[in-house]
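Before any comments, here is the structure.
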2 protein chains.
Amino acid sequence: MSATPEPTPARLRAIPSRLIAGVAAVADRLVNERLAAADARKWHFAVLTALAEDGAASQAELSRRTGIYRSDMVAVLNELGDAAYVRRAADPADRRRNVITLTAEGRRRREHLDGLVTDAQRELLAPLDPDERSELTRLLTVLTEHHRPGHPDPRDPK
Amino acid sequence: MSATPEPTPARLRAIPSRLIAGVAAVADRLVNERLAAADARKWHFAVLTALAEDGAASQAELSRRTGIYRSDMVAVLNELGDAAYVRRAADPADRRRNVITLTAEGRRRREHLDGLVTDAQRELLAPLDPDERSELTRLLTVLTEHHRPGHPDPRDPK
DNA sequence: CTACATTCGTTAGTGTCACGAACGTTAGGG
DNA sequence: CCCTAACGTTCGTGACACTAACGAATGTAG
């Protein structure tokens, strides 16, 4: 069991990057389906949650928290602003920045979307027991931490 | 540990679907970078590998094996055909079908790309030990098997 | 045998998303 | 004061997932 004489069967189905891409597609579909029913997309949820968890921030800061490119952040904030879920105000301390603030409606909206997203997680992880779920989360977190701008490879500190 | 009094901490960073999407993006980037250096894309590798592992097939069959939409398969096979990695011939037994066959050059090409893809997997999974790698693969396989057209929910056999 | 549904390959088109280029504005450091 | 860098913004690109529709061929029910 420890020494497999076979060279590398490496079945297409067992290639990690393909497995992950497949599961990611399923997860995205599950989340999007539910959010679409509430006329929202995952970016909306990500931005609202980032604001709820760590407070008001500039657009660039929100980009870093959520992983959304700052170019794409503009449109998301336009939509959230049009719906009065966030407010966009100039930062008096640094006039390059906009300060994005979560409104009361935005907070309610976030809680609603959170329920939908949580449902999607449940359906996604349905076949796993609690231990397996936390182990999966742990492994994915390790990978996420490792492949982070600045940490990818200590041999190339540039 | 079993009863968490907190309502829903649910940190944005810990949402499985977001973790998976992030890791999938990293994995895709790693694979694409390497394949691009060989002027290939992941579809090429997937099709060549499907042919090498399970033999010649029709385009629709390749679609199912690889997960590529049959609409997109056309362009991929055009490119692989132009490079003489595969041959496309009419199926005499069913004249709707094309039979796609892997050529000798295609087989060499596949082995080359396989090396690149394997390197990418190594880099992706670098922070995990062998046990963790197989556990991750196992968990992802469980999820993949569960969320498969026809198996999504036994409560809705339709 | 005829009629109908289904499969296949193909073309064209849509929407999402990640990402880069460039620009004007503003801030901070030498 | 100049230079660099960060910020918000606009525009554009390319990969990818997916749908719609088509003609040709096949299988099947009546």
Side-chain angles (χ1 to χ4, degrees), chain A residues 17-18 20-33 35-36 39-47 56-81 86-100 147 149, chain B residues 17-18 20-33 35-36 39-47 56-81 86-100 147 149:
Chain A
S17 66
R18 279 183 58 91
I20 295 172
V23 174
V26 172
D28 251 58
R29 195 172 47 75
L30 289 175
V31 171
N32 284 333
E33 273 174 10
L35 288 183
D39 208 54
R41 274 169 300 163
K42 54 179 170 175
W43 303 125
H44 301 147
F45 170 72
V47 168
S58 70
Q59 301 186 191
E61 171 63 19
L62 279 179
S63 260
R64 294 178 211 110
R65 287 187 197 166
T66 58
I68 308 174
Y69 258 64
R70 65 193 217 279
S71 344
D72 305 318
M73 182 64 70
V74 180
V76 176
L77 290 179
N78 285 340
E79 295 169 19
L80 290 175
V86 302
R87 246 177 328 155
R88 197 175 350 197
D91 186 341
D94 184 340
R95 308 219 314 266
R96 291 171 303 181
R97 291 189 168 95
N98 288 338
V99 180
I100 311 300
H147 293 96
Chain B
S17 66
R18 278 183 59 89
I20 294 172
V23 174
V26 172
D28 250 56
R29 196 172 46 75
L30 289 175
V31 170
N32 284 332
E33 273 175 9
L35 289 183
D39 207 55
R41 276 169 298 162
K42 54 179 169 174
W43 303 126
H44 299 147
F45 170 71
V47 169
S58 70
Q59 300 186 191
E61 171 63 19
L62 279 178
S63 259
R64 293 178 211 113
R65 289 188 196 166
T66 59
I68 308 174
Y69 260 64
R70 64 192 217 279
S71 342
D72 303 320
M73 181 63 71
V74 180
V76 176
L77 290 180
N78 285 340
E79 294 169 20
L80 290 176
V86 303
R87 245 178 328 157
R88 197 173 354 195
D91 185 342
D94 184 341
R95 306 217 319 264
R96 292 171 301 181
R97 291 189 170 94
N98 290 336
V99 179
I100 312 299
H147 294 94

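Throughout, a chain's letter reflects where its sequence line sits, starting with A, and its residues are numbered from 1.
Regarding contacts with the backbone of C:dG9, every side-chain N or O of B:Arg70 stays at 4.0 angstrom or more from both OP1 and OP2. Look at B:Asn98 and you'll find a side-chain N or O under 4.0 angstrom from OP1 or OP2 of C:dT10. Residue A:Arg88 places no side-chain N or O under 4.0 Å from the OP1 or OP2 atom of D:dC7. Phosphate contact (OP1/OP2 of D:dT19, side-chain N/O of B:Tyr69, threshold under 4.0 Å): present.
Rounded to whole Å, atom P of C:dA18 lies 13 Å from atom CZ of B:Arg29. Residue A:Asn78 contributes atom CG, which lies 13 Å from atom P of D:dG8 at whole-angstrom precision. Per the geometry, CG belonging to B:Asp39 stands 15 Å off P belonging to D:dG14, to the nearest Å. Whole-Å rounding puts the B:Ile68 CD1 to D:dA15 P distance at 14 Å. One interatomic measurement links the two molecules: CD of A:Glu33 to P of D:dA17, which rounds to 17 Å at whole-angstrom precision. The distance from atom CG of B:Asp28 to atom C1' of D:dC16 is 9 Å, rounded to the nearest whole Å. Rounding to whole angstrom units, CZ of residue B:Arg18 and P of C:dC17 are separated by 12 Å. Atom CZ of B:Arg97 and atom C1' of C:dC8 are 8 Å apart (whole Å).
Judged by distance alone with a 3.5 Å cut-off, a donor-acceptor contact links the side chain of A:Ser71 to the base of C:dG20. For B:Asp72 against D:dC18, a side-chain-to-base donor-acceptor contact under 3.5 Å is present. A donor-acceptor contact under 3.5 angstrom links the side-chain atoms of B:Arg96 to the base of C:dT7.
Between A:Thr66 and A:Met73, the closest side-chain pair of non-hydrogen atoms falls below 4.5 Å. Contact of the A:His44 side chain with the A:Leu35 side chain is not registered, since no non-hydrogen atoms from C-beta on lie closer than 4.5 Å. Within the 4.5 Å cutoff, side-chain heavy atoms of B:Arg88 are placed close to those of B:Gln59.
Along DNA chain C, the nucleotide nearest to A:Arg95 and the one nearest to B:Ala25 differ in position, and the one closer to the 5' end is contacted by B:Ala25. Residues A:Asp91 and B:Gln59 both approach DNA chain C. Their nearest nucleotides, taken by heavy-atom distance, put B:Gln59 toward the 5′ side. Both B:Asn32 and A:Glu61 lie near DNA chain D, and the one whose nearest nucleotide falls closer to the 5' end is A:Glu61. Two residues, A:Val74 and A:Asp94, neighbour DNA chain D, and the one matched to the more 5' nucleotide by heavy-atom proximity is A:Asp94.
Taking CG of B:Leu77 as the start and CD1 of B:Ile100 as the end, the distance is 5.0 Å to the nearest 0.5 Å.
Taking only side-chain atoms of A:Trp43, from C-beta outward, the nucleotide of C:dC8, C:dA18, D:dC7 with the closest atom is C:dA18.
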Yes or no on side-chain contact (heavy atoms from CB on, under 4.5 Å) for A:Asp28 and A:Lys42, after CA distance, side-chain angles and deciding distance?
CA-CA 9 Å; A:Asp28 251 58; A:Lys42 54 179 170 175; 2.6 Å; yes
